[in-house]
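What you see is a predicted model; the values in this text were computed from it and never measured.
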Amino acid sequence: MPVDHRPLAIFLMGPTASGKTALACELSERFPLDLVSVDSALVYRGMDIGTAKPDPATLARHPHALVDIRDPAQPYSAADFRADAVPVMERISAQGRVPLLVGGTGLYFRALQSGLSDLPEADPATRARLGAEAAQSGWPALHARLAQVDPVAASRIDSNDTQRLQRALEVFELTGRPLSELQRGGAGAVFPWRVLKIALLPADRQRLHQRIAHRFDDMLADGFLDEVRALRARGDLDADLPAIRAVGYRQAWEHLDGRSNAAEFRDRAIFATRQLAKRQITWLRSDYGARLFEPDQAGMATRVAGAVQLFVDSPGESVPPM
């Protein structure tokens with residue numbers, strides 16, 4: 001039976017506030033790993049506090065590729081991520097090291113490994129009309145419409161996740177085909193790396209919620225609102241940009257528009273972050289190829305390191321005949 005000689009790669013996945021960055025840095029101290037960020041918000045420059053971006057000292061000691069590569073005025077997509085990540089991974093592999101991709105943006109991981117079919121470009125007129133309909137009847141009504149035309153996508157997209165909901169309806173209206181069907185159409189080619197998938201999956205959801213709340217309070221103390229004020233002061237950013245629609249930033253933007261008081265802003269941002277974590281956990285549970293680890297369990301890092309050690313020491317997996 002032939003042996004799989006593809007170079008190695010590691011995916012370290014998990015919901016927000018599950019400890020991915022600290023674990024990735026620890027692993028890079030023990031193994032020949034180079035870190036690659038898989039995060040739809042960390043790509044943006046000037047968005048440091050609200051994204052929980054690793055601090056400069058951490059990035060100096062443990063460089064992360066694909067951090068601070070875009071201006072917030074420039075949208076960034078899963079296709080952009082794949083186009084950026086593959087050359088980075090190729091360079092790391094050519095140097096005899098292993099790329100460790102760490103983050104919580106499931107769509108980016110899926111696009112990287114499975115590819116994406118050709119999706120239509122954003123259509124401003126369609127988006128404006130969907131936005132107007134949502135303003136009149138509410139996003140839950142549009143979510144119900146999506147459930148009729150694309151139940152698979154609707155099951156994955158929360159009714160409060162307006163960006164993804166709008167995009168799924170936009171794709172259906174422009175193509176007449178469900179987004180979930182088009183996304184499956186990108187699969188088929190063999191991924192050039194042999195991958196170990198590690199997922200941090202908290203068993204105690206309440207403890208995760210507490211970490212999310214504590215982390216957000218730390219962000220506020222560190223000047224998160226001043227960071228958003230600086231973004232607003234530029235004059236070229238608005239609430240419809242993907243960067244500003246990121247969790248926390250959208251709620252801060254609305255607060256500074258006078259649409260919430262300080263307590264409401266905090267509650268809304270924490271709730272949105274909890275909803276994000278819920279979606280990330282749902283996605284991780286659907287990835288049956290991932291090895292699951294409880295981040296709050298004693299000795300977790302040692303067990304993960306053991307799995308990585310076996311992976312990097314393995315000569316290659318046997319490939320069954322086609």
Side-chain angles (χ1 to χ4, degrees), residues 4-16 18 20-21 23-25 27-28 31-45 47-48 51-54 58-59 62-72 74-119 121 163-164 167 182-200 242-243 246 276 279-280 283-284 286-287 289-291 308 311-312:
D4 187 345
H5 292 295
R6 288 177 296 170
L8 307 181
I10 299 171
F11 290 179
L12 176 53
M13 309 172 290
T16 186
S18 60
K20 298 182 298 295
T21 298
L23 179 58
C25 293
L27 291 172
S28 70
F31 301 99
L33 310 176
D34 287 349
L35 307 184
V36 182
S37 172
V38 187
D39 190 291
S40 59
L42 294 189
V43 298
Y44 294 114
R45 294 185 291 271
M47 295 175 56
D48 304 329
T51 61
K53 188 175 294 178
T58 299
L59 290 175
H62 306 284
H64 287 53
L66 306 188
V67 169
D68 290 339
I69 60 172
R70 281 290 174 97
D71 185 87
Q74 300 172 306
Y76 193 77
S77 68
D80 292 328
F81 170 77
R82 192 178 199 281
D84 289 337
V86 169
V88 170
M89 295 177 69
E90 290 174 340
R91 183 174 69 250
I92 293 170
S93 296
Q95 295 170 346
R97 297 175 64 82
V98 176
L100 169 59
L101 291 97
V102 54
T105 304
L107 178 59
Y108 284 13
F109 278 112
R110 185 168 69 237
L112 175 63
Q113 189 170 24
S114 302
L116 289 171
S117 58
D118 291 332
L119 298 177
E121 295 282 340
Q163 183 175 355
R164 295 176 65 209
R167 177 57 174 163
L182 291 172
Q183 288 177 332
R184 286 197 304 271
V190 175
F191 190 54
W193 285 267
R194 181 159 61 92
V195 178
L196 169 65
K197 293 183 180 181
I198 296 169
L200 303 185
L276 170 63
R279 294 192 298 271
Q280 291 170 320
W283 171 72
L284 287 170
S286 71
D287 191 336
R291 294 196 57 180
V308 171
F311 182 65
V312 299

With rounding to the nearest 0.5 angstrom, report the [atom1] to [atom2] distance, [X] to [Y].
| X | Y | atom1 | atom2 | value |
| --- | --- | --- | --- | --- |
| R82 | M89 | CZ | CE | 9.5 Å |
| S40 | L66 | OG | CG | 12.5 Å |
| W193 | D4 | CH2 | CG | 13.0 Å |
| I10 | R194 | CD1 | CZ | 10.5 Å |
| S286 | R110 | OG | CZ | 8.0 Å |
| Q95 | D34 | CD | CG | 6.5 Å |

Would you say that [X] contacts [Y] through its side chain, given a criterion of any heavy-atom pair below 4.5 Å between the two side chains?
| X | Y | answer |
| --- | --- | --- |
| K197 | M13 | yes |
| L284 | P15 | yes |
| P72 | M47 | yes |
| P7 | P192 | no |
| Q113 | F11 | yes |
| R70 | D80 | yes |

Residues in side-chain contact (heavy atoms from CB on, under 4.5 Å) contact with D68, at least two apart in sequence or another chain
R45, D48, K53
According to salt bridge (Lys or Arg N to Asp or Glu O under 4.0 Å), who are the partners of R291, at least two apart in sequence or on a separate chain?
none
Give a yes or no on whether the backbone of [Y] and the side-chain of [X] come within a donor-acceptor separation of less than 3.5 Å.
| X | Y | result |
| --- | --- | --- |
| K20 | G14 | yes |
| S114 | A111 | no |
| Q280 | T16 | yes |
| R91 | V86 | no |

Which atom pair, heavy atoms only, marks the closest approach of [X] to [Y]?
| X | Y | value |
| --- | --- | --- |
| I92 | P99 | CG2-N, 3.6 Å |
| D39 | V43 | O-CG1, 3.5 Å |
| S18 | L200 | O-CD1, 3.7 Å |

Please assess F109 against L101 for the test side chain to side chain contact (heavy atoms under 4.5 Å, CB included), listing each intermediate value before the final yes or no.
CA-CA 9 Å; F109 278 112; L101 291 97; 4.0 Å; yes
Go through it in stages, so that I can follow the logic: the residues are Y76 and I69, the test is side chain to side chain contact (heavy atoms under 4.5 Å, CB included), and I'd like the CA-CA distance, side-chain angles, deciding distance and then a yes or no.
CA-CA 10 Å; Y76 193 77; I69 60 172; 3.6 Å; yes
Distance alone, cut at 3.5 Å: any donor-acceptor contact between the side chains of S37 and H64?
no
Looking at L100, L35, V36, V38, which one forms a side-chain contact (heavy atoms from CB on, under 4.5 Å) with L12?
L100
Test side-chain contact (heavy atoms from CB on, under 4.5 Å), reference L196, set V312, L8, V308, output is V308
Classify the angle between the aromatic ring planes of Y108 and F81 as parallel (below 30°), tilted (30 to 60°) or perpendicular (above 60°).
parallel
